[in-house]
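The next block holds one structure in the form of structure tokens; read it before the comments.
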Amino acid sequence: MIYVDNAATTALKPEVLDKMMPYLTSQYGNPSSIYDLGRQAKAAIEQARASVASVLGANANEVYFTGSGSEADNWAIKGMAHAAKGKHIITSAIEHHAVLHCFEYLAKNGFDVTYLPVDSHGIVNPDDLKAAIKPETGLISIMAANNEIGTIQPISQLAKIAHEGKIPFHTDAVQAFGHIPFNVSDLGVDAASVSAHKLGGPKGVGVLYIKRGTRIGQFMHGGAQEYGRRASTENVAGIVGFGHAAALAADGMEEKIKKVSSLRDSFITQVLNEIPKCRLNGHSKQRLPGNVNISFDYIEGESLLLLLDMKGIAASSGSACTSGSLDPSHVLLALGLPHETAHGSLRVSFSENNTMQEVDKIVKELVPIVARLREMSPLTE
Amino acid sequence: MLYSEKVMDHFANPHNMGEIEDANAIGEVGNKKCGDIMKIYMKIEDDIIKDVKFKTFGCGAAIATSSMATDLVKGKTIKEALELTNKAVVEALEGLPPVKMHCSVLAEEAIKSTIADYYKRQGIDPEPIVGTSKSCGDDCPCDE
């Protein structure tokens with residue numbers, strides 16, 4: 001199998017699993033317990049917290065473990081919106097559903113929401129943010145990098161604008177963290193959501209970075225875990241795994257970016273050269289190293305994925321058909337793509353585990369698959 | 001989401017795919033917004049569907065239902081073809097995921113719309129014979 005859906009999830013790194021194993025077996029203590037077995041588990045969590053904090057450029061006491069990136073988004077957005085004085089909140093049109101649906105929920109509950117548009121490459125214009133800010137704006141949340149088209153937003157510029165208006169700024173950095181330099185201090189964000197399984201860590205663990213002094217409500221009530229702000233007995237093995245995965249991701253990042261981008265660029269060049277009537281979605285340079293999103297005229301995404309799967313290639317689509325919804329991708333529509341094109345996109349997301357041979361093989365299989373589906377399509381001109 | 005083996009078989013090796021050059025009935029249903037468009041070509045002689053072919057833009061289920069629906073009406077009389085229900089298409093395919101049921105409705109509509117075109121070409125009002133379209137014209141349920 002050729003796995004090129006690393007934006008969906010990544011393979012757990014064997015060395016991460018090794019570090020997790022004791023906490024799935026002999027080290028089963030509850031970190032809140034007073035005896036040695038509990039204290040050891042607690043110490044392991046704190047070590048992992050320090051590791052994630054160091055990669056994020058944060059203090060350890062600003063790092064809160066959660067059950068996922070989506071949970072971190074939910075906590076940040078609802079918690080910060082409810083803690084704000086104003087009832088106006090701002091986000092972008094191309095956010096992940098974990099963010100978008102929080103804003104939709106808040107809109108139904110008395111908040112006034114502005115969805116910032118993006119340009120044809122998927123980038124938010126800082127001037128649009130400036131213009132959208134009102135005296136009652138209480139929260140701005142804009143993703144660091146998009147999950148479908150890989151576009152990287154000018155976060156430091158956007159956060160600066162937010163702070164000029166004394167408005168807290170959150171970013172969903174689930175796709176960015178561990179893949180490109182992402183330092184909360186350099187970027188100046190007040191809160192950031194990240195997730196372990198996007199960078200070779202386990203599923204079921206995320207982090208919300210909350211800058212000290214940021215006003216945010218409690219998300220989970222109960223015990224005193226996570227500085228009393230997120231109750232739940234900790235997922236010790238998962239947290240330990242996240243700590244190691246974050247450190248491994250940061251190690252030699254520049255080299256990995258070079259390698260993964262070269263796979264991406266080779267794939268893009270080959271596909272655009274060999275297949276007529278297709279277009280690259282997203283920005284050609286301001287994009288995640290591993291992300292490719294290409295729309296093919298006249299064909300639909302799910303059919304494309306099924307045929308690739310039959311050839312042993314695991315990829316994804318901008319088309320939400322895969323998630324059971326009939327709507328085409330809101331991200332591709334926000335770029336201004338027509339509906340039929342938004343239904344026919346392919347997302348390939350590479351990791352450092354992929355090779356140039358795999359890139360060539362995917363292109364080789366893709367060319368006849370696209371031709372075949374076009375032959376089948378009544379839209380083909 | 002899991003497709004039945006039968007769906008995957010019809011998707012991977014669709015029957016009756018293509019166009020009929022001298023078709024005397026052509027129907028097209030669905031819209032670009034939904035992401036499913038089915039176009040059906042028929043050659044009808046003496047009220048019998050001698051040949052039928054399709055072209056479909058859509059997901060795996062849309063292609064499989066097109067393939068199965070055309071199989072089910074091939075060689076049949078118009079009357080028999082008009083009795084084809086989306087349920088029969090689903091059953092023949094050994095089931096469809098709930099979210100893909102609309103594809104079977106689209107396939108039934110595509111057959112009816114093609115037969116309606118056959119009558120229209122002869123100056124006969126198809127509505128009393130074929131009935132009115134149920135879905136996926138301009139007021140597609142996907143718009144809701």
Side-chain angles (χ1 to χ4, degrees), chain A residues 5 8 277-278 295-334 336-346 365 368-381, chain B residues 1-3 5 7-19 23 26-41 53-67 70 96-103 105-106 110 113-114 135-136 140-144:
Chain A
D5 200 14
K277 303 219 174 184
C278 61
S295 289
F296 300 93
D297 283 359
Y298 318 131
I299 66 175
E300 196 272 342
E302 190 201 273
S303 302
L304 187 59
L305 297 185
L306 289 171
L307 291 174
L308 283 170
D309 180 38
M310 286 175 188
K311 298 287 178 188
I313 298 164
S316 173
S317 169
S319 153
C321 257
T322 45
S323 65
S325 153
L326 299 172
D327 302 325
S329 152
H330 67 285
V331 176
L332 298 182
L333 291 179
L337 260 61
H339 273 86
E340 66 271 31
T341 313
H343 272 290
S345 86
L346 171 71
E365 297 290 2
I369 286 174
V370 170
R372 186 174 161 207
L373 288 171
R374 282 180 172 169
E375 197 195 322
M376 214 183 277
S377 171
L379 300 177
T380 305
E381 282 160 5
Chain B
M1 190 182 58
L2 205 60
Y3 283 135
E5 258 177 56
V7 171
M8 285 311 288
D9 184 38
H10 275 262
F11 163 71
N13 306 293
H15 306 175
N16 315 310
M17 202 274 287
E19 293 175 24
I26 299 174
E28 186 174 309
V29 294
N31 66 46
K32 292 174 180 176
K33 206 167 174 181
C34 296
D36 292 310
I37 298 174
M38 288 180 194
K39 191 169 185 180
I40 291 189
Y41 303 79
K53 292 221 184 289
F54 79 88
K55 283 211 160 181
T56 290
F57 164 81
C59 61
I63 290 168
T65 53
S66 306
S67 168
T70 48
L96 274 181
V99 67
K100 298 294 186 184
M101 289 308 267
H102 72 282
C103 292
V105 176
L106 206 58
S113 144
T114 312
S135 77
C136 272
C140 168
C142 313
D143 294 351
E144 284 162 15

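In what follows, chains carry the letters A, B, and so on, assigned in the order in which the sequence lines appear, proteins first and then strands, with residues in each chain numbered from 1.
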*Taking all atoms of both residues into account, what is the closest heavy-atom pair of B:G58 and A:S303, and its distance?*
O-OG, 2.5 Å

*Are any of the side-chain heavy atoms of A:T380 and B:F57 separated by less than 4.5 Å?*
no

_So for B:A61, is it side chain, backbone, both, or neither that comes closer than 4.5 Å to the heavy atoms of chain A?_
backbone

*By salt bridge (Lys or Arg N to Asp or Glu O under 4.0 Å), which residues pair with A:E375, not counting sequence neighbours?*
none

*Could you tell me whether the side chain of A:M376 reaches within less than 4.5 Å of the side chain of B:I63, counting heavy atoms only?*
yes

*Over all heavy atoms of both residues, which pair between A:S377 and B:K55 is shortest? Give the atoms and the distance, please.*
O-CD, 3.8 Å

*Do B:M17 and A:R372 pass the side chain to side chain contact (heavy atoms under 4.5 Å, CB included) test, and can you show the C-alpha distance, the side-chain angles, and the key distance before you say yes or no?*
CA-CA 11 Å; B:M17 202 274 287; A:R372 186 174 161 207; 5.9 Å; no

*Min side-chain heavy-atom separation A:E300-B:T56 under 4.5 Å*: no

*Sequence neighbours left out, what passes salt bridge (Lys or Arg N to Asp or Glu O under 4.0 Å) with B:K32? Give chain and number order.*
A:E340

*Minimum side-chain heavy-atom gap A:M310-B:F11 below 4.5 Å*: yes

*asked:* Within this structure, what is the NZ-CG distance for the pair B:K39 and A:L379, rounded to the nearest 0.5 Å?
replied: 9.5 Å

